[in-house]
There are 2 protein chains.
Amino acid sequence: MAVTIRDVAKAAGVSTAAVSKVLHGRGNSVRVSDVRAGQIREIAEQLNYRPNVLARNLRTQRTHTVGLIFENFGSFAAGPLYYMHLLEGVGSVLFKNHYRLTILPELLHDDILGSLGDGQLEGVVWCKLTRDAQTLQLIHDCPIPIVAMNAPAPAEPTDAVFVACDNASGVRLAVEHLAKLGHRKIAFAHEIQELTSPDCLERRDAFHASAKELMGQEPNPADVLAWDWHLPEFAGWWKSDPGYTAIICWSERTAGTLINRATEAGLKLPEDLSIVGFDSTAYCETTTPRLTSVSQPISEMARYATNTLLNLIQGKRPENFSLTFPCGLDVRDSTTCPPPTGPLGPVSSE
Amino acid sequence: MAVTIRDVAKAAGVSTAAVSKVLHGRGNSVRVSDVRAGQIREIAEQLNYRPNVLARNLRTQRTHTVGLIFENFGSFAAGPLYYMHLLEGVGSVLFKNHYRLTILPELLHDDILGSLGDGQLEGVVWCKLTRDAQTLQLIHDCPIPIVAMNAPAPAEPTDAVFVACDNASGVRLAVEHLAKLGHRKIAFAHEIQELTSPDCLERRDAFHASAKELMGQEPNPADVLAWDWHLPEFAGWWKSDPGYTAIICWSERTAGTLINRATEAGLKLPEDLSIVGFDSTAYCETTTPRLTSVSQPISEMARYATNTLLNLIQGKRPENFSLTFPCGLDVRDSTTCPPPTGPLGPVSSE
DNA sequence: CAACGTTGATAAATCCGTTAATCGGATCAA
DNA sequence: TTGATCCGATTAACGGATTTATCAACGTTG
């Protein structure tokens with residue numbers, strides 16, 4: 001059995017209160033002389049005493065632990081580096097503040113309150129929180145503070161803090177960039193409909209709006225490639241209306257795969273087709289051509305979200321219950337002027 | 001203040017033992033009639049009672065929580081998908097077994113025993129554990145079971161379980177593949193020396209051995225490109241001895257970057273230069289050309305490691321204290337026969 | 001000398017769920 | 001009738017650290 005504070009107290013001939021005070025600095029009205037303190041420290045060292053954090057947590061009702069919820073842990077490894085940056089950002093702030101980080105599974109709605117209200121977590125960073133009534137209720141009932149990341153803030157303010165990037169202006173930057181290069185008909189690509197996230201939908205809507213505003217392109221269903229990743233699907237869409245000279249992708253991964261398929265289909269990039277991604281991590285440097293991408297300050301957002309959560313835990317009311325980070329545009333090699341000969345005709349599907 | 005088991009007991013007019021039994025099924029010698037049980041459940045529901053896990057953990061001395069240590073959390077987001085697969089594998093097994101997952105920071109050696117011995121964790125998956133004397137001592141002193149991943153097992157058996165892939169035979173597969181394609185002089189690339197991991201060194205040694213065995217290539221310092229990721233560095237190395245027709249990279253990321261730099265340097269891939277990576281995740285599908293890569297069953301290894309850890313926690317002695325998973329080779333488009341005109345001469349560095 | 005403050009330290013309550021020990025009473029077999 | 005067993009339930013100790021309340025002893029001050 002492990003050495004307890006009582007063992008140390010007994011061995012040193014003092015009370016547990018004294019040991020607690022000396023070793024952990026806890027207890028206000030407890031005073032210990034320097035001599036005693038030295039003895040206690042020595043005995044503790046000899047006995048190899050390690051405080052039981054479970055007991056401390058129970059007593060103090062604090063755990064110094066924060067949870068992180070991914071909306072899709074199961075398909076976690078499919079996406080490129082977005083989640084890693086997120087995790088790195090959250091983790092680094094927590095660790096610096098001597099907090100622990102617990103990864104939570106995708107929770108069934110029934111379980112969530114049980115998991116968040118069992119005393120083990122002091123707060124939660126919730127990635128891609130959805131905005132349905134059930135979730136809003138949950139936010140209301142949740143006994144610990146929540147910071148939502150990459151989730152659009154609901155109309156009515158809640159107790160949760162929402163941190164997101166400005167999808168609309170990010171997409172606008174991409175459209176603007178393409179318009180300046182001379183493009184006049186562009187498309188938007190995301191994975192098949194069932195998997196789309198709130199972020200993705202926001203970006204798609206912004207695409208329609210910006211394309212209309214900046215290049216007079218009327219919204220058209222064909223403008224959106226909802227895609228299963230496979231070559232025939234891409235080739236089919238391309239053949240159906242080959243007038244596009246550029247594609248904006250909702251994410252890095254979509255863009256990376258599209259680069260690959262387009263190349264396989266015989267297109268020369270970026271001369272035949274310009275491609276823009278979204279996220280701009282190190283991944284963009286490793287595609288061929290290197291991927292022009294809307295940049296989202298993921299790591300910074302994660303750090304901000306986590307710091308805000310730590311403040312909430314300490315009872316500090318945040319200045320903003322919703323903060324939107326601006327996006328940038330990292331121009332790399334996957335975008336250029338449209339083909340001088342005009343948009344390309346159909347290409348082979350194999 | 002939160003509702004406690006005592007509140008429920010009082011409201012239902014029964015003892016806390018009865019409530020504990022009914023709601024959590026704990027306590028052997030406690031018996032409750034169905035009628036009472038129903039009442040208790042109803043009251044608990046009404047009061048919105050949620051058990052305090054801290055108290056339970058303290059009493060039972062169990063937390064159902066496992067820790068995961070990355071050796072380099074700080075540079076976590078730099079590598080491609082390896083860590084995500086690892087995390088996904090560990091997490092999925094834990095969640096299925098109703099365990100929680102805590103990510104631990106890079107620990108100073110002083111802190112480690114404190115963190116692992118404070119009662120909060122029942123076991124640890126330790127990624128890329130090193131094999132120095134200090135660590136072996138730590139394994140010995142650690143009060144909870146450890147499973148090491150992607151770490152070579154020490155000569156003397158320890159209490160920890162070691163799970164790794166067969167780096168040597170993996171590299172051999174790559175060399176064999178290249179030899180069959182007709183290559184006779186190949187190189188090995190990894191990031192700059194200071195950042196190399198045990199895994200990387202094992203692979204490099206295996207490269208020398210296999211190249212000698214399978215194509216009679218005598219080990220030569222120039223065979224190894226220890227690289228800072230930048231184009232001039234690559235171009236410089238290439239110019240210094242342009243006789244190589246293929247490069248095996250220690251990791252996916254190295255390979256991806258190499259593909260990019262080689263393309264920038266004007267090489268045509270794979271015709272001018274064949275490239276093989278190591279890990280074979282979805283990332284390999286998004287490079288151009290798609291990356292031929294040694295495959296390591298990361299997810300499977302992570303699952304095995306985690307299951308083994310859960311068994312250890314339950315006191316089951318594992319069958320093997322060291323398990324090596326075989327590697328495979330996923331041939332994609334980045335490897336082909338060497339140039340028929342013989343190895344290429346120097347190429348431009350910009 | 002009384003009143004008061006300070007130092008050094010302890011006892012005991014507390015956090016909240018778990019569980020071994022126990023108990024009254026009913027049932028049943030010998 | 002006695003003893004054994006089972007049912008339904010409670011009591012109280014327990015896990016290990018924290019913290020409030022309290023106290024003795026001693027010194028200071030007016």
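All figures in this text were calculated on a predicted structure; none of them were measured in a lab. All chains are named by letter (A, B, ...) in the order of the sequence lines, taking the proteins before the strands, and each is independently numbered beginning at 1.
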Touch class at under 4.0 angstrom, heavy-atom based, for A:R31 against every strand present: base
Positions of residues 32-40 of chain B (non-hydrogen atom under 4.0 Å from DNA chain D), listed by number: B:V32, B:S33, B:R36
Donor-acceptor pair under 3.5 Å, B:R59 side chain vs D:dC14 base: yes
Sequence-distant partners of B:R59, salt bridge (Lys or Arg N to Asp or Glu O under 4.0 Å), two or more places apart: none
C:dC16 OP1/OP2 closer than 4.0 Å to side-chain N/O of B:Y49: no
Short side-chain N/O contact to D:dT18 OP1/OP2 from A:S20, under 4.0 Å: yes
Residues which pass salt bridge (Lys or Arg N to Asp or Glu O under 4.0 Å) with B:D7, listed by chain and number, not counting sequence neighbours: none
Euclidean distance, atom CD of residue B:Q61 to atom C1' of D:dG15 [Å, nearest integer]: 6 Å
Euclidean distance, atom CG of residue A:L54 to atom C1' of C:dT18 [Å, nearest integer]: 14 Å
Side chain to side chain, B:Y83 and B:L86, heavy atoms closer than 4.5 Å: yes
Results of ring pair (Phe, Tyr, Trp, His ring centres under 6.0 Å) for B:H24 - residues two or more places apart only: none
Length of the line joining B:R50:CZ and C:dC15:P, which is rounded to integer Å: 21 Å
Touch class at under 4.0 angstrom, heavy-atom based, for B:V53 against every strand present: nothing
Contact nearer the 5' end of DNA chain C, comparing B:A18 with B:A55: B:A55
Gap between atoms CG and P, on A:L23 and D:dA17 respectively (whole Å): 10 Å
Test side chain to side chain contact (heavy atoms under 4.5 Å, CB included) applied to A:V66 and A:I313, step by step: CA-CA 10 Å; A:V66 159; A:I313 289 171; 3.9 Å; yes
Between D:dA17 (P) and A:L47 (CG): distance, integer Å: 12 Å
Sugar-phosphate, base or nothing in reach of B:V14, heavy atoms under 4.0 Å: sugar-phosphate
Partner set under salt bridge (Lys or Arg N to Asp or Glu O under 4.0 Å) for B:R62, not counting sequence neighbours: B:E122
Partners meeting side chain to side chain contact (heavy atoms under 4.5 Å, CB included) with B:E42 (sequence neighbours left out): B:Q46
Spacing between B:K21 atom NZ and D:dT11 atom P, to the nearest angstrom: 18 Å
Side-chain donor-acceptor pair present, A:N311, A:T308, cut-off under 3.5 Å: no
Between C:dC15 (C1') and B:N57 (CG): distance, integer Å: 14 Å
N or O in side chain of B:T4 less than 4.0 angstrom from C:dC16 OP1/OP2: no
End axis versus end axis in the helix from C:dC1-D:dG30 to C:dA30-D:dT1, the angle rounded to 10°, five pairs used at each terminus: 60°
Salt bridge (Lys or Arg N to Asp or Glu O under 4.0 Å) partners of A:R56, counting only residues at least two apart: none
For atom CZ of A:R6 and atom C1' of C:dA13, their distance in whole Å: 12 Å
A:F321: ring pair (Phe, Tyr, Trp, His ring centres under 6.0 Å) partners, not counting sequence neighbours: none
Listed nucleotide nearest any side-chain atom of A:V30, set D:dT18, D:dT20, D:dG16: D:dT20
